[in-house]
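For ligands, and for the atoms within them, numbers begin at 1 and follow the listed sequence. Count residues from 1 along the sequence. As the structure is a computational prediction, the values presented were derived from the model and not from experiment.
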Amino acid sequence: MNAQTIAVHLPDGAIREVPAGTTPLEIANSISPRLAAACVVARLTPLGGAKEIAAAQEHGSEAAMYGAEDAAAPRLVDLTTPLIADTKLELVKETDPEALKVVRHSAAHVLATAVLELFPETKLGHGPATDAGFFYDFHRAKPFTPEDLALIQAKMAEVVARDDKFVREYEPREQALTEFDRDGDFMKTHFVTKFTAPGDEVSFYRNGKFVDFCRGPHVPSTGRVKAVKITSLAGAYWLGDEKNPQLQRIYGTAFFSQKAMDEHFARLEEAAKRDHRLLGKQLDLFSIQEIAGAGLIFWHPKGGIIRKIMEDWMREECLRRGYSLVFTPHVMRRELWKISGHEGFYSGNMYTPMELDDAEYRLKPMNCPGHILIYKNSPRSYRDLPVRLAELGNVYRYERSGTMHGLLRVRGFTQDDAHIFCTPGQIEDEVVACIDFAEAVLKTFGFLEFQVELSTWDPNDRAHYAGSDDNWNLAVSGLKNALERKGIAYKTIPGEAAFYGPKIDIKLVDVLGRLWQLSTVQFDFNLPARFELEYVGEDGERHQPVMVHRALFGSVERFFGVLIEHYAGAFPLWLAPVQVGLVPISERHHEYAKKVEAELKAAGLRVEVDDRNEKMNGKIRDFANQKTPYILVFGDKEQEAGAVSVRTRGKGDQGSMPLAEFIAKAKALVAGQSTEL
Ligand SMILES: [Zn+2]
Ligand SMILES: [Zn+2]
C-alpha cells in the first residue's frame with residue numbers, strides 16, 4: 001500500500017481508502033454531518049502489524065503512559081485523532097456504554113476547570129471516570145465548604161456553556177516536569193514521572209485556558225457535558241498514606257442528557273428505599289452490634305426464619321442432586337493452612353493465629369481444606385467419583401475497617417460451599433449440573449435474569465499459573481462446552497482466572513437492573529497437588545482428581561441482603577417471616593382468633609395475632625408496615641360464617657372468604673414458591 005493512503009474498515013464492511021492523517025470526524029462528516037454531530041469518540045482496532053502500527057499511531061511512547069496496553073486491542077480515541085495506519089474504525093455515539101465514561105472523564109476536567117477559576121491556589125491530583133460518575137482529587141489548605149461546592153457547580157455550568165473544544169497538545173516530558181515542579185504541582189509531577197519515560201512527549205488536554213496532563217480521549221467540546229452534578233465530597237490521603245497531605249475528593253456524575261441524569265437519580269432514590277440496612281432495622285431482620293464488632297451479623301427471629309428456609313431448601317437440593325452434607329471445624333491448626341497455602345497467599349485476609357496448648361490455630365477463611373481432609377481420609381477409586389461434599393460453612397475473613405457494608409461486605413459469613421472431586425472425563429457433566437443448580441437457585445428466589453462470565457488464563461503468561469497445560473485446556477473447554485450445551489450466552493475474560501484454575505461467574509440482575517456477583521464455579525489445580533489427592537483409576541494407577549469449588553448463594557448473608565433489596569422487604573409468601581396477620585375487630589372475637597390461628601398453624605403457615613386493645617385500622621397498618629403478605633380481619637359476620645376478610649399485600653381488600661378456602665390458596669402458593677399473592 002502507498003504510504004500516503006490508508007485503509008479504514010467500517011463496521012458495515014465498507015473499506016475507505018483515505019490519505020494518511022484523515023480524522024474519524026472527517027470520515028463521519030463524509031458519511032453524514034448529522035452522524036458526525038452525534039459522535040463522541042472513535043473506536044480503533046489497529047490492523048496489520050499491530051505493535052508497529054500502534055507505535056506509529058500514538059504520539060511518542062504514550063501507549064506506556066498509563067501502564068501496558070494491548071496494542072492490538074480496540075481503543076477509544078478523539079474524533080480529531082489523525083489516522084495514520086490501516087485500522088478498523090467504529091464511530092461511537094452517546095448510547096455506547098463506553099461513551100458515558102468519556103463524558104464523565106470530560107466532566108472531571110470541567111470540574112477542575114471550575115475549581116481553578118474559583119480557587120486558583122488549588123493543586124490538582126487526578127480525575128478518572130468511575131462506574132457511577134467521576135471524581136477529582138484536589139489539594140488546598142482550606143477545606144471546601146458546601147457553599148464552595150455550590151459555587152463550583154454554578155461555575156461548571158458556565159464552563160459547559162462556553163463549549164470550549166477539548167484540544168490535545170504535547171510537550172517534552174522534561175519541560176512538563178520543570179513546570180510542574182516550579183508550580184508546586186506535586187501530584188502532577190508524580191503522575192508524569194510514574195507514567196512517562198525520559199524523552200517522551202507528554203500529552204495534555206486543553207479546554208479554554210485550562211490544561212491538564214491526560215491521555216484522553218475526550219468528548220469534542222465542553223458543551224457535550226449536557227448534565228453534570230457534584231454529588232459529594234470526601235477526604236483522602238495522597239496515595240492512600242496518612243503521612244501524606246490530605247486531599248479533597250469531589251465526586252460527581254455526568255450524562256449526555258438531563259433526562260438520563262434524572263432517571264439515574266430516580267433509580268438511586270428507589271435503591272435507597274430498598275437499602276437492606278434500613279429495611280433490616282424496620283422489619284427487625286438482623287443487626288450489627290458495635291459491642292460485638294464490625295462486619296458480624298446477628299440474625300433476629302424474623303431474619304432467622306428466612307435463613308432457615310433458605311438453608312433447608314439448599315440442603316434438600318444438595319441431597320437431591322447427589323451431594324453429601326458435611327460439617328467441618330471453624331478453627332484448625334496453622335499447620336493445615338501452611339499445607340493449603342493460605343498461610344502464604346491469603347494470610348492478610350485471615351484472623352491472626354491463636355495459641356492453644358498444643359499448637360497455633362486459625363479461624364477458617366475457606367472450607368476447602370476441611371473438605372479435602374474428608375476426601376483424603378478414605379482411599380478413593382474412580383468408581384467413587386465424583387465425590388460432592390457440601391457444607392453451609394461459616395468462614396471468617398478480615399476486611400479492612402471502613403469497608404464493611406451491611407450484609408454485603410462482612411467479616412463473618414456462611415458460604416453454601418461445595419467441593420466436587422472428579423475425573424477429567426467427568427468435568428463437563430459436573431459443570432452442567434452446577435449451572436443447572438445455579439439456575440434453580442436464581443429462579444426459585446425470584447431472579448429471572450443473569451449474566452455469565454468465563455474467566456480463562458493467559459497462556460503467554462505460563463509461569464503465573466499452577467496446573468498442566470492439559471488440565472487448563474480440559475477445564476476451559478469443559479466450562480465452555482457446558483455453557484454451550486446449556487445454550488447460555490457468556491463473556492470470556494482472558495487472563496482473569498485465578499492462578500489455580502478457570503472459573504464461571506454468574507451475576508444475577510435484580511429488579512432495579514443492578515448486577516450482583518454471587519454464584520461461582522471455580523476449578524482448582526493447586527490444592528489437589530498440595531494435598532497430594534489421589535484416586536485409583538480404571539487402569540489401576542494412581543491419578544490426581546480434578547477439584548471444583550462452587551458456591552451458589554455465594555454467601556448466605558450477602559444473598560439475603562440482595563433478596564431484601566430485590567423484594568424491598570416484601571418477601572414472597574414462602575419466605576415471609578410472618579405470612580398471615582390476624583386482626584380481630586374487638587375483644588369478643590379473640591376466641592375466634594385463636595381458632596383461626598390454630599388452623600393456619602396446623603396448615604404450616606406462620607401467623608401472628610394482634611389482640612391488643614387497639615383500633616382495627618391501627619393493627620392493619622402495623623401489619624402492612626411489616627409488609628405482611630396477608631392480613632385477615634374478622635368480626636361477628638365472619639365469625640358466624642367461619643370466614644375471614646382478606647387483605648392482600650399490594651392488592652388491598654379482597655372481601656370475605658371461607659377460612660378453609662384461604663388456607664388452601666395460601667398453602668398452594670407456599671408449595672409452589674410463588675412470587676404472586
Ligand atoms: Zn483527562
Ligand atoms: Zn473452596
Side-chain angles (χ1 to χ4, degrees), residues 41 62 65-66 76-78 101-113 116 124-130 134-137 159 164-170 187-188 191-192 195 202-207 210-222 224-225 252 254 323 326 328 332 336-337 340-342 345-346 349 364-375 387-395 397 413-421 434 498 500-501 503 519-528 530-531 533 545-555:
V41 285
E62 182 184 304
M65 187 177 289
Y66 278 157
L76 296 182
V77 300
D78 297 329
K101 286 194 183 138
V102 176
V103 77
R104 285 172 173 177
H105 175 60
S106 299
H109 280 231
V110 168
L111 167 63
T113 308
L116 282 196
L124 302 182
H126 72 151
T130 63
F134 63 88
F135 67 79
Y136 211 112
D137 282 338
V159 176
D164 289 322
K165 285 197 161 51
F166 280 104
V167 182
R168 194 170 194 175
E169 298 174 350
Y170 296 90
M187 294 183 279
K188 292 296 178 194
F191 289 127
V192 173
F195 294 117
V202 178
S203 158
F204 291 84
Y205 274 82
R206 170 188 295 279
N207 54 287
F210 177 79
V211 181
D212 199 1
F213 167 60
C214 173
R215 73 191 304 258
H218 278 284
V219 297
S221 63
T222 59
R224 294 297 285 275
V225 186
Y323 288 79
V326 297
T328 59
M332 289 180 264
L336 177 69
W337 304 112
S340 70
H342 288 88
F345 66 82
Y346 205 71
N349 293 80
K364 68 170 165 184
M366 294 189 194
N367 302 300
C368 345
H371 294 184
I372 286 173
L373 292 185
I374 293 174
Y375 176 90
V387 169
R388 308 183 192 95
L389 303 179
E391 174 176 18
L392 285 154
N394 299 105
V395 294
R397 295 180 188 173
F413 60 99
T414 313
Q415 278 185 310
D416 66 314
D417 208 357
H419 295 92
I420 299 168
F421 304 88
C434 284
Y500 50 87
K503 65 170 175 173
S519 315
T520 306
V521 180
Q522 164 86 61
F523 272 86
D524 192 332
F525 309 126
N526 180 47
L527 287 178
R530 280 181 165 270
F531 282 92
L533 298 187
V546 177
M547 177 178 170
V548 174
H549 313 246
R550 73 108 191 96
L552 305 178
F553 287 147
S555 137

For His419, ring-ring contact (aromatic ring centres under 6.0 Å, His included) partners two or more places apart: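 Partners of His419 under the ring-ring contact (aromatic ring centres under 6.0 Å, His included) test: His371, His549.
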Ring centroids only, cut at 6.0 angstrom: are Tyr375 and Phe421 within range, meaning strictly under it?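 That pair passes the under 6.0 Å test.
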Given the side-chain rings of Phe191 and His126, with only the six-membered ring counted for Trp, is the space between their centroids under 6.0 Å?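 Distance test on ring centres: under 6.0 Å, yes.
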Side chains of Arg168 and Ser203: is there a donor and an acceptor less than 3.5 Å apart?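 Side-chain D/A pair, Arg168 to Ser203: present.
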I want to verify a count. Protein N, O or S atoms less than 2.8 Å away from the Zn ion (ligand 2), how many are there?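 Counting protein N, O and S atoms closer than 2.8 Å to the Zn ion (ligand 2) gives 3.
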About how large, to 10 degrees, is the angle NE2 of His109, then the Zn ion (ligand 1), then NE2 of His218?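 Between NE2 of His109 and NE2 of His218, the angle at the Zn ion (ligand 1) is about 80°.
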Start with the C-alpha gap between Asp164 and Asn207, add the side-chain angles, then the distance that decides, and say whether side-chain hydrogen bond (donor to acceptor under 3.5 Å, both in side chains) holds. CA-CA 5 Å; Asp164 289 322; Asn207 54 287; 5.2 Å; no
Would you say the side-chain atoms of Ser555 pair up with the backbone N or O of Phe413, donor to acceptor, closer than 3.5 Å?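 No, Ser555 side chain to Phe413 backbone: no donor-acceptor pair under 3.5 Å.
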